[in-house]
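Note sheet for the following structure.
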Amino acid sequence: SNMLGALLLFALVGITTASGNYCLKIYTKVNGQSPAGYMKVVVHLQGGAEHPIDAGKDLLYTGIVVDQCWDNPVENVKVTGPNTDGWIGTVKYSSPEDSGTLKKNMKCEDCTGSKKTVDTELLVEKEADNDDDGTKAMCQNGKTCTLTPPKQNKAVLSSAISPHGLVALFSVWVASIVS
């Protein structure tokens with residue numbers, strides 16, 4: 001009976017650690033005209049993995065810079081505007097508790113403008129020829145800015161709220177009563 005409890009606890013741990021992916025989507029604002037600017041993007045994952053994104057002009061014309069998911073959480077995303085034309089777009093993030101919906105806004109504490117959350121748009125440029133009107137996060141003067149996802153909830157909590165997590169918690173509870 002103790003073995004059953006241990007197996008069920010192991011199942012609970014498996015559910016909480018493998019409950020989904022961490023996804024990032026960065027896309028260019030396209031207003032019926034080709035965007036002129038581009039940016040350098042490097043995604044850093046927890047655990048040390050680094051993923052440079054080739055975000056040259058050709059890639060940005062399609063509108064999508066990054067649309068990718070990883071097994072490990074995104075620790076941060078470094079963005080730099082290497083040319084004089086600015087890039088404007090949107091950045092969204094999701095973690096397992098979002099069920100694949102890209103709804104989280106990244107933070108940008110070291111952005112050069114007054115807005116520190118990327119909840120509408122992000123402007124990245126080598127110069128500073130766009131005024132800070134407070135409507136978008138801005139990374140100007142060729143600076144490398146660090147975008148961070150919102151703080152993660154503990155996996156145990158998010159899985160405990162999901163139906164699978166409730167079943168596993170209930171199973172552990174029943175196993176403890178039976179043993």
Side-chain angles (χ1 to χ4, degrees), residues 16-17 19-31 35-57 59-159 161:
T16 61
T17 57
S19 57
N21 289 326
Y22 299 86
C23 301
L24 176 69
K25 186 169 185 178
I26 302 175
Y27 49 98
T28 305
K29 178 181 179 180
V30 182
N31 299 351
Y38 61 95
M39 66 176 172
K40 292 182 181 177
V41 179
V42 180
V43 179
H44 297 267
L45 302 180
Q46 286 181 11
E50 188 175 283
H51 297 276
I53 306 296
D54 180 12
K57 286 185 180 182
L59 183 63
L60 291 185
Y61 288 148
T62 66
I64 297 174
V65 180
V66 178
D67 188 1
Q68 194 168 346
C69 298
W70 296 273
D71 290 333
N72 289 340
V74 171
E75 188 170 307
N76 64 56
V77 179
K78 305 273 187 181
V79 296
T80 308
N83 67 331
T84 55
D85 291 321
W87 176 89
I88 296 177
T90 306
V91 180
K92 291 291 180 186
Y93 181 73
S94 71
S95 52
E97 67 265 18
D98 301 321
S99 303
T101 304
L102 290 152
K103 62 183 181 182
K104 287 190 167 79
N105 298 318
M106 302 288 273
K107 301 286 183 193
C108 185
E109 294 300 328
D110 59 356
C111 271
T112 54
S114 59
K115 193 169 185 112
K116 303 300 182 187
T117 301
V118 186
D119 57 357
T120 54
E121 294 175 337
L122 173 67
L123 166 71
V124 181
E125 65 180 342
K126 185 177 181 178
E127 297 175 345
D129 54 0
N130 286 280
D131 293 331
D132 182 7
D133 59 5
T135 64
K136 63 181 95 34
M138 303 175 83
C139 183
Q140 297 176 300
N141 299 315
K143 181 178 180 179
T144 298
C145 295
T146 305
L147 308 178
T148 54
K151 298 292 182 226
Q152 297 299 314
N153 295 329
K154 295 292 182 203
V156 172
L157 178 61
S158 65
S159 292
I161 294 170

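If you're wondering where the values come from, they're calculated on a predicted model, not measured in any experiment.
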- Could you go step by step and tell me if T28 and I88 meet the side-chain contact (heavy atoms from CB on, under 4.5 Å) rule? CA-CA 6 Å; T28 305; I88 296 177; over 6 Å; no
Interatomic distance, [X] atom [atom1] to [Y] atom [atom2] [nearest 0.5 angstrom]:
X	Y	atom1	atom2	answer
W87	L122	CH2	CG	5.5 Å
D85	E127	CG	CD	8.5 Å
L147	H44	CG	NE2	10.5 Å
E75	T148	CD	OG1	10.0 Å
K116	C111	NZ	SG	6.0 Å

- Between N105 and T117: side-chain donor-acceptor atoms closer than 3.5 Å: no
- Query: Between E125 and Q140, is any side-chain donor less than 3.5 angstrom from a side-chain acceptor?
  - Reply: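 Yes - a donor-acceptor pair under 3.5 Å links their side chains.
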Mind listing the closest non-hydrogen atom pair of [X] and [Y] along with its distance?
X	Y	answer
T80	V124	C-CG1, 3.4 Å
G86	L123	CA-CD1, 4.2 Å
L24	V77	CD2-CG2, 3.7 Å
Y93	P73	OH-CA, 3.8 Å
D132	S114	OD2-N, 2.7 Å
L45	N72	CD2-O, 3.9 Å

Taking side chain as C-beta onward, heavy atoms only, is [X] less than 4.5 Å from [Y]?
X	Y	result
I26	T90	no
K136	N130	no
D67	K25	yes
N21	D71	yes
Q46	Y22	no
P149	K104	no

- Task: Report yes or no: does N141 contribute a side-chain atom to a donor-acceptor pair with the main-chain N or O of K143 at less than 3.5 Å?
- Result: no
- Side-chain donor or acceptor of K115 paired with backbone N/O of E121 under 3.5 Å: no
- Message: Using the side chain to side chain donor-acceptor pair (under 3.5 Å) criterion, which residues pair with K78? Sequence neighbours excluded.
- Response: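 T146.
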- Does the C69 SG fall under 2.5 Å from that of C23? yes
- Under 2.5 Å between SG of C139 and C145: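 Yes, C139 links to C145 through a disulfide.
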- Item | Crowding at CG, D129 (>12 non-hydrogen neighbours, <6.0 Å) |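 Count over threshold, so yes.
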